[in-house]
Amino acid sequence: MKKRVICLIGPTASGKTEIALKLAKRIGAEIISCDSMQIYKGIDIATSKPTKAETRRIPHHLIDVLSPSQEYNVALFKKSALEKINHIHKKGKVPLIVGGSGLYLRALIDGLFEGPGRDSALRNKLSQQAKKYGKAYLYRKLKKQDPEAACKIHPHDLRRIIRALEVYKLAREPISARQKKTFGIRDKYDLRIFGLRRKRDELYRRIERRVDKMFRKGLASEIKRVMKHKISRTAEGLLGYREIAGYLKGEYSKDRASELLKRNTRHYAKRQISWFKNEKGVNWIELSDEDKSQIIADKIGLSLSR
RNA sequence: GCCGGGAUAGCUCAGGUGGUAGAGCGCGGCCCUGAAAAGGCCGGCGUCCCCAGUUCAACUCUGGGUCCCGGCA
């Protein structure tokens, strides 16, 4: 009999954390965070982490493990998530994977191609070339090496062009060929995926309320603290980092920073919605403002026991 | 009150010897496999302030209004 793995996904501010805690309690689960930013220590407000009291009640994994100066990526996530799943199963408990990093989740359940990791020196070299000769130069190169990948990648999408060239150079095989050879845990476990959905305007209102709350809780001083130390490229992408840094440097007002953060978070939520739409096998749960998280958690729990 | 400047997409603004108009942002949609809270792509019929005149044709010219912004009183 296959062991069970449960996933809870949804866009930012959809209410994952709260429902996950209640569900975990009900079914005796331990939570694995599927989140590229909650992995970082010292960034709590900006990432809306569960509180210390909450993580004491329900064991959480892959939260607070890296310093913001360290890089993180899908491959690292996948590896440690697999370990955690095993570890939790051995304890006779059920792993509950919760988060909004869509790529991470997909890489975990459908697999990540076996490829060379990033090579910073090579990437630097390539991006220098792009600056010197233009993106089109690199794109033409890719077209010659790997026409299939070039076909999928937009000529302006420099990041993906570079990655494809990087893989070709290091692996001596096109990325498009490698990407076909992936396997994940979809069939290995009894996988149940639940997705949270809300009406667009309600979700956006929740985002705005959450950002206001972050400011009240001291978002600005948290970012100020983070800015004092070296920060990795990954952590730098955190929503709130650039927006608050601009305010702290005196480029614009606090209100403007809040406005920007709200807008950028809305854009982010939209991208998540787009991404999750293509996720296979999701049981979507339509939520509204009136729904209580306990009742939703109970519903999910009930559907799992049938 | 006088003298300038302005009124065009949700917002900020371009524009045109008269042939019904664009950019950025927002907003909406989408793509995505080692930076993913990142990165990329696509989408514009809108009373061109109102009224009258000239004209085959006015958002564009002329006259008269209305409102806004400067300066001077």
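Since we're looking at a predicted model, the values are computed, not measured. In the text below, chain A, chain B and the rest are named by the order of the sequence lines, each starting its count at 1. Values below: every heavy atom of this structure, side chains too, minus hydrogens, waters and symmetry copies.
Using a 4.0 Å heavy-atom cutoff across all strands shown, A:Y204 reaches sugar-phosphate atoms only and no base atom. Within 4.0 Å of A:Y241, counting heavy atoms only, lies no atom of the nucleic acid at all. Using a 4.0 Å heavy-atom criterion, one finds that A:Y104 contacts the sugar-phosphate atoms exclusively. As judged by a 4.0 angstrom heavy-atom cut-off over every strand, A:N264 is placed among residues making no nucleic acid contact. In this structure, A:G100 reaches the sugar-phosphate backbone alone: every heavy-atom distance under 4.0 Å involves primed, P, OP1 or OP2 atoms, never a base. Nucleic acid contact for A:T47: base, since at least one base atom lies under 4.0 Å from a heavy atom of the residue. Residue-level contact check: A:A46 touches the bases, meaning some heavy atom is under 4.0 Å from a base atom. A:R266 comes within 4.0 angstrom of sugar-phosphate atoms only, judged by non-hydrogen atoms across all strands, and of no base. Within the 4.0 angstrom heavy-atom criterion, no nucleotide atom of any strand lies near A:R106. Counting non-hydrogen atoms under 4.0 angstrom, A:T234 reaches the backbone sugars and phosphates but no base.
In this structure, A:H156 does not reach the B:G40 phosphate: none of its side-chain N or O atoms is under 4.0 Å from OP1 or OP2. The side chain of A:R123 places an N or O atom within less than 4.0 Å of a non-bridging phosphate oxygen (OP1 or OP2) of B:A35. Remark: A:S36 is not in phosphate contact with B:A38, judged by side-chain N or O atoms under 4.0 Å from OP1 or OP2. For B:A36, the OP1/OP2 oxygens have no side-chain nitrogen or oxygen of A:R271 closer than 4.0 Å. OP1 and OP2 of B:G40 both lie 4.0 Å or more from every side-chain N or O belonging to A:Y139. Under 4.0 angstrom from either OP1 or OP2 of B:A36 there lies no side-chain N or O belonging to A:N73. Proximity of A:K270 to the phosphate of B:G29: a side-chain N or O atom is located under 4.0 Å from OP1 or OP2. For A:K277, a side-chain nitrogen or oxygen approaches OP1 or OP2 of B:C30 to under 4.0 Å. The phosphate of B:U33 (OP1 or OP2) has no side-chain N or O of A:R163 nearer than 4.0 angstrom. Contact annotation: A:H267 does not reach the phosphate of B:A38 (side-chain N/O to OP1 or OP2, under 4.0 Å).
Judged by atom type and distance alone, A:R242 does not reach the base of B:A38 through any side-chain donor-acceptor pair under 3.5 Å. Counting distance only, with no hydrogens placed and no angle test, the side-chain atoms of A:R160 and the base atoms of B:G40 include no donor-acceptor pair under 3.5 Å.
With rounding to whole Å, A:R263 atom CZ is found 15 Å from B:G10 atom C1'. As rounded to whole Å, 13 Å separates atom C1' of B:C31 from atom CG of A:L103. One atom, CZ of A:R233, and another, P of B:A35, lie 8 Å apart when rounded to the nearest Å. At whole-Å resolution of the value, CG in A:L239 and C1' in B:A35 are 14 Å apart.
Across all non-hydrogen atoms, the minimal contact from A:Y247 to A:A220 is CE2-CB, 4.2 Å. For the residue pair A:I39 and A:L62, the shortest heavy atom distance occurs at CD1-O, 3.5 Å.
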(request) Convert the base pairs of RNA chain B into dot-bracket notation, remembering that pairs crossing earlier ones are written with [ ] and that bases paired across to another strand are shown as |; include only Watson-Crick or G-U pairs under 3.5 Å. (result) (((((((..((((.....[..)))).(((((.......))))).....(((((..]....)))))))))))).

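Within the model, atoms CD of A:Q38 and OG1 of A:T47 stand 5.0 Å from one another, a figure rounded to the nearest 0.5 Å. Remark: A:K217 NZ to A:S48 OG distance equals 6.5 Å, nearest 0.5 Å.
With both ends at atom C1', the span from B:G64 to B:C25 equals 37 Å, rounded to whole Å. One P atom belongs to B:C41, the other to B:C32, and the distance between them is 15 Å to the nearest Å. B:C69 sits 24 Å from B:C51 when the P atoms are compared, rounded to a whole Å. Atom name P, nucleotides B:G4 and B:A57: the rounded distance is 32 Å, in whole Å.
The aromatic rings of A:Y72 and A:Y40 sit perpendicular to each other, their planes meeting at more than 60°, with 30° as the lower class boundary.
Under a 4.0 Å N-O distance rule, the pair A:K49/A:D35 does not qualify as a salt bridge.
Heavy-atom neighbours of A:K181 NZ from other residues, nucleotides or ligands within 6.0 Å: above the threshold of 12.
Checked against the 6.0 Å centroid threshold, A:H89 and A:Y189 count as a close aromatic pair.
Distance alone, capped at 3.5 Å, places no donor-acceptor pair between the A:S258 side chain and the A:K254 backbone.
Clustering ILVMFWY residues whenever any of their side-chain heavy atoms sit less than 4.5 angstrom apart, transitively, puts A:L108 in a cluster other than the one holding A:L8.
For B:G6, the glycosidic angle deviates from 0 by more than 90°, giving an anti base.
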